[in-house]
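Reading through the structure tokens given below for one structure.
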Amino acid sequence: MKPAASALAGGVVLALLQQQVLLRRPPRLLELQSSTASSGPAALALRFSRPMDRASLASQSQLTPQLSHQWLGGNNPLRLLLGSSQPIHGALELLLRSSDQRGVGLLPQRWRWDPRPRLLAVVPQGNGEQLQLQQRDGSWLSLTPVFGRITSVLPLGDGSGLAIATRQGEGERLWLLPLQQRALERSGQGSIDVVKQGRLRPLLPEPLIFAHLSSNRRGDLLVQWSARALGQSVTSFWPRQGAPQQLKLQASGPMQLLPEGGALVVPELEGLSLRNLPGKPERRQLLPGSRDLSSFCPVSGRALLVRHWPDFRRSLELVEPGLPPRQLWLGSDAVLSSSCDRGGERVWLLLSNWRDAQRNRLLEINRQGQIVRERVLEGWDVEPGVPMAYDPTRQQLLLTLRRRGSKEAQPVLIPAASLQLQPLQKAVRQALWLPPG
Amino acid sequence: MRPIALALWGLVLVVSTLSGRLELLLSGPFHPLVGLSGVVMLAMAVQQALALRRSSKRRPGERRWNRGWMLSALLAIAVLVVPPNPSFSDLASNRSSELAQEAELDFLLPPAQRSLTDWVRLLRSQPDPELYQGDAVRISGFVLAQGDGPAQLGRLLVRCCLADATPIGLPVRWPTGYQPQADQWMAIEGEMGVERVGGQQRSVVLVERLRPIPRPARPLEP
């Protein structure tokens with residue numbers, strides 16, 4: 001046989017061999033991601049190496065405990081969505097079994113999944129303050145040394161770390177504390193219950209006059225800061241991947257990164273503007289009027305705004321892409337903070353009436369602006385500057401409240417179904433959720 | 001005969017580029033390449049004609065009628081005269097609808113400004129129908145017949161040309177009694193709803209306004 005014919009025959013044999021090997025190779029799970037931006041308490045996004053038979057995945061896979069769920073999507077990617085109205089009280093176990101559309105089976109995989117956020121608190125320690133984390137067993141883990149004061153704490157949106165502003169002596173210092181935590185793990189590979197902290201490192205070398213922090217679900221960090229030597233405000237941006245950069249943006253207040261990434265909300269004199277982050281085409285959408293961004297909803301582009309009226313009343317508005325803001329509440333009480341479920345189906349509003357002996361009220365409002373539930377926080381004061389936070393996985397709110405007459409505040413959990421206050425016996429200055437990794 | 005056939009095929013390429021016929025076959029960035037190829041073929045036809053003239057002067061009376069070139073020329077004339085009218089629905093039924101990659105989605109785009117392609121990409125990347133329930137829908141596409149269910153509204157995505165076309169479709173709840181005709185182009189206004197098919201929830205377009213439209217000048221989407 002001639003060499004050319006031999007080479008050709010060899011190539012054909014190799015191609016046939018490769019085809020047969022690939023034909024029999026089982027499908028693989030390429031990506032598994034936990035998300036709380038869904039219509040249920042949590043969801044899992046799965047991407048496979050080839051289109052799967054969704055029916056076999058749904059019938060053969062098992063979730064323990066047996067929470068109601070459904071498999072959504074065509075055949076790849078697929079989404080496991082937990083049914084709404086069922087809070088998650090512990091780690092879930094998922095046994096993944098399925099076959100692809102040719103009937104080749106996926107090697108069974110067992111995963112542990114815990115999408116619940118952890119509780120973080122700034123705790124008074126002697127003459128200073130320390131950042132502590134509540135572990136799954138209820139014990140508290142110290143994350144930082146004791147600082148004079150911890151003025152601001154911001155968990156990065158992907159749970160990979162914490163940005164911390166502290167004050168000791170003159171000026172603020174800005175720190176980054178990397179964290180290692182996971183919402184998902186292959187069974188037997190380690191523990192999703194453990195959070196490992198990295199080395200605390202300063203983000204900016206000089207003492208600051210102020211620092212305002214913002215992050216998104218990608219884990220990007222935006223800091224508006226100023227130092228005495230500068231005499232002007234600077235906006236620094238630390239993308240999750242890539243080199244830090246300074247943004248040339250003028251704002252009349254604190255800027256906020258959009259949770260889904262790629263853009264930020266900039267308060268300007270004319271109103272709130274939406275701008276793209278570097279790397280995307282320049283864009284500026286302006287919502288005119290005297291409005292403040294109050295909180296973001298977990299789902300896609302929805303947010304709650306507080307509008308200030310000339311007669312000193314305030315209103316809460318829900319903004320949705322392409323629609324004029326929808327007014328949910330109007331009144332003369334001070335809006336202390338707000339929180340939002342899904343795309344604004346349920347909204348919680350924390351109000352304070354200074355003329356009525358500083359009476360604090362918590363309202364649950366639906367999309368139509370009707371008050372569904374109301375709880376007067378009788379005998380409690382709201383810790384100033386600490387926002388309310390909602391945990392969709394356990395369907396509960398977190399507030400930092402001080403019992404009237406008490407020296408220290410404490411974290412208070414409030415189930416959304418009842419709005420009953422469940423204070424935790426822990427003295428804190430501030431309590432917030434740490435999103436899972 | 002060869003210069004005539006070459007000139008006719010060059011003309012086919014140039015006319016197809018200028019008249020927009022190529023929009024039915026190729027993605028926009030490749031159009032100048034095709035137009036340029038047509039010009040090169042016309043130039044080659046002129047060069048061949050001149051060469052033929054010189055050789056016929058040397059050998060008068062000799063004529064070369066090649067049957068293959070004649071057939072090719074007739075075919076080129078047919079292509080020039082008869083406008084193409086492909087059935088996207090037939091094509092779609094023979095193609096896989098797997099999207100090669102999920103493009104980054106702009107969730108801030110108002111729902112009514114999302115194209116059919118934006119919707120399909122969004123629903124594939126985040127198949128959670130309740131998230132989109134009640135969102136305004138304003139889309140256009142061709143009626144994509146489904147073997148095992150009601151017709152969808154579809155589009156063809158191409159990277160290069162029809163050879164790599166990927167059909168995508170959105171389920172539509174057509175008005176009662178309305179029989180959509182395959183390949184008919186439609187503009188639909190309505191809102192996104194949720195329906196249960198085979199025990200599974202999925203998003204479906206609830207039609208409020210429906211109107212047949214001519215095939216757009218650029219029917220293929222990137």
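A note on names: the letters A, B, ... follow the listed sequences, proteins ahead of strands, and every chain is numbered from 1.
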Worksheet entry | Per-residue contact mode, A:Arg54 against chain B (heavy atom under 4.5 angstrom) |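 It is the side chain, since no backbone atom gets that close.
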Worksheet item: Side chain, backbone, both or neither: which part of B:Gln113 has a heavy atom under 4.5 Å from chain A?
Response: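 When you check distances to chain A, no heavy atom of B:Gln113 falls under 4.5 Å.
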Worksheet item: Does A:Arg240 pair with A:Asp158 as a salt bridge, N-O distance under 4.0 Å?
Response: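 Salt bridge: yes.
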Item to complete: Answer yes or no: are there more than 12 heavy-atom neighbours, outside B:Arg67 itself, under 6.0 Å from its atom CZ?
Response: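 Counting other residues, nucleotides and ligands, CZ of B:Arg67 stays at 12 neighbours or fewer.
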Practice prompt. Flag yes if more than 12 heavy atoms outside B:Arg138 fall under 6.0 Å of its CZ atom; otherwise flag no.
Written response: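 Counting other residues, nucleotides and ligands, CZ of B:Arg138 stays at 12 neighbours or fewer.
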Worksheet entry | Contact leader toward chain A among B:Gln200, B:Gln133, B:Glu130, where contacts are heavy-atom pairs under 4.5 Å |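 Top option by heavy-atom pairs under 4.5 Å: B:Gln200.
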Worksheet item: Regarding B:Arg114 and the six-membered ring of B:Trp119, is the cationic atom NZ or CZ under 6.0 Å from the ring centre and inside 45° of its axis?
Response: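 Yes, B:Arg114 lies over the aromatic ring of B:Trp119.
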